[in-house]
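Okay, structure first, notes after.
In what follows, chains carry the letters A, B, and so on, assigned in the order in which the sequence lines appear, proteins first and then strands, with residues in each chain numbered from 1.
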2 protein chains.
Amino acid sequence: MQSRTPASRAGRPRDPAADAAILAATRQALVELGWSKLTLGDVATRAGVAKTTLYRRWAGKNELVVDAVAELFDELELPDRGSLADDIEGVVLQFAAILARPEAKSGLMAVVAEATRDDALRERIRSSIVERQMRLVLQGRARAQKRGELPPEPDPREAARTVDLIFDVVAGAVVHRTLVSGKAADEEWVRSFTRVLIGGLASSA
Amino acid sequence: MQSRTPASRAGRPRDPAADAAILAATRQALVELGWSKLTLGDVATRAGVAKTTLYRRWAGKNELVVDAVAELFDELELPDRGSLADDIEGVVLQFAAILARPEAKSGLMAVVAEATRDDALRERIRSSIVERQMRLVLQGRARAQKRGELPPEPDPREAARTVDLIFDVVAGAVVHRTLVSGKAADEEWVRSFTRVLIGGLASSA
DNA sequence: GCGTTTTCGCTACGACTCGTAGCGTAATGC
DNA sequence: GCATTACGCTACGAGTCGTAGCGAAAACGC
């Protein structure tokens, strides 16, 4: 048990601007080179820092890309549009817009693939990317229950299972549409999808 | 226009057993090393062939892994279980079982990530992996319409859109559940998912 | 048989990336 | 001033890449 960290204990502090520059350079490299051809040396050069600085802050390529991609999802929000259907359509369109960006496409799927063999990496993805998306689902569900569009769920375990299911269906469908099928998740598609999802939730209650 | 290829025109024919050995070695390497640490030299050694032989048959790591993973999906079938719900549950469980295997997990997502920057690779994935899955959706839909569980769709364009939507929802949800959420798509989950999907399809008709 | 053609296994190669170590310097707290 | 940490830079062995060149093996037409 060490005494609590007082920001930086001693010595020269890390340059905070370097973090932002490195993450931005990582995203740029993802766009231009893609995952497999991205090298840490190249990222360091783009960011204007030494390669050793990069290795002092991140364990490797996987962790760096997770952080770089995670920032893309910061803009996700769930404005109240008045109905469950409109709320879902809005957030799904936001999610689709992020996934349409090339740095998200090539980066996200690659780290997910790597995470199948690295539990620590999976946990990093979960806490820094999935967690924020999950909050939106919980928020939307609570709103819909308040409006009476969804029945209240007394059993917390059952409620958790349902939220997990919704999350996998929504995120999975958008990702699969965008990356595997290679087609845009545009308004028409999102509307059809939302109709099916809401109908399914209502009928399975 | 050259004369039709009579199997092999002249010279020593390629050893057909080598293809199978290489693809099996690729899957084994995916299990033990994962995508990023898989090297073609290592695969060649495992398969008992020279590295140059491997490069004569495949353009690179991406194409090789696509073919190796595609074989995993050969076993997918859609036996008639009497109802749409049971048909869906059956095929989703099969799909989940394949995705649970480590060589599918790490291989499939990695090539999908690479395909975001390589149209030829995306087409290869579509024709050798996605196509077979899509056939099952069409087959299941036709069966359900014959049973009267789903209404016939007169407009072929609308029908195609619906099939695309179903496919993205089913495959996407299973993939997201297995790879991102990191939980098993077991019978309980599949039953809940099927209930939502069927309810959604029925209500949105 | 005999020449042609293609594949195969093997070795070797330059180019590149990896992750780390070492060093001198800069920036902070005590 | 002194200890401590971050930084930029260089250099390094190790590993992988994809290709070229070689001789031997296995099919074909004659």
Is it the case that atom CD in Glu187(A) sees more than 12 heavy atoms from other parts of the structure closer than 6.0 Å? no
Residue Arg12(A), side-chain atoms from C-beta onward, closest of dT5(D), dG8(D), dG9(C): dT5(D)
Is there a side-chain contact between Arg14(B) and the phosphate of dT7(C), meaning an N or O under 4.0 Å from OP1 or OP2? yes
Check Val69(A), Leu72(A), Leu108(A), Ile98(A) against Glu103(A) for a side-chain contact (heavy atoms from CB on, under 4.5 Å) and give me the one that passes. Leu72(A)
Hey, are [X] and [Y] close enough for a salt bridge, meaning a charged N less than 4.0 Å from a carboxylate O?
X: Lys183(A); Y: Asp168(B); answer: no
X: Arg191(B); Y: Glu188(B); answer: no
X: Glu89(A); Y: Arg81(A); answer: no
X: Asp87(A); Y: Arg147(A); answer: yes

Evaluate Asp74(A) against Arg132(A) for side chain to side chain contact (heavy atoms under 4.5 Å, CB included), listing each step before the verdict. CA-CA 8 Å; Asp74(A) 279 344; Arg132(A) 294 172 196 171; 2.2 Å; yes
Contact list (N/O, under 3.5 angstrom) for nucleotides 18-21 of chain D vs protein:
{"residue": "dG18(D)", "atom": "OP2", "partner": "Tyr55(B)", "partner atom": "OH", "Å": "2.4"}
{"residue": "dG18(D)", "atom": "N7", "partner": "Lys51(B)", "partner atom": "NZ", "Å": "3.2"}
{"residue": "dG18(D)", "atom": "O6", "partner": "Lys51(B)", "partner atom": "NZ", "Å": "3.2"}

Residues at least two apart in sequence or cross-chain that pass salt bridge (charged side-chain N to carboxylate O under 4.0 Å, His left out) with Arg135(B), listed by chain then number, are none
Hey, what bend do you get for the helix from dG1(C)-dC30(D) to dC30(C)-dG1(D) if you fit axes on five pairs at each end, rounded to 10°? 20°
Quick one, which residues of [range] touch DNA chain D with a heavy atom under 4.0 Å?
range: residues 16-35 of chain B; answer: none
range: residues 63-70 of chain B; answer: none
range: residues 106-115 of chain B; answer: none

Does the side chain of Glu114(A) come under 3.5 Å of the side chain of Ser36(B) through a donor N or O and an acceptor N or O? yes
Tell me yes or no: between the side chains of Thr39(A) and Asp42(A), is some donor less than 3.5 Å from an acceptor? no
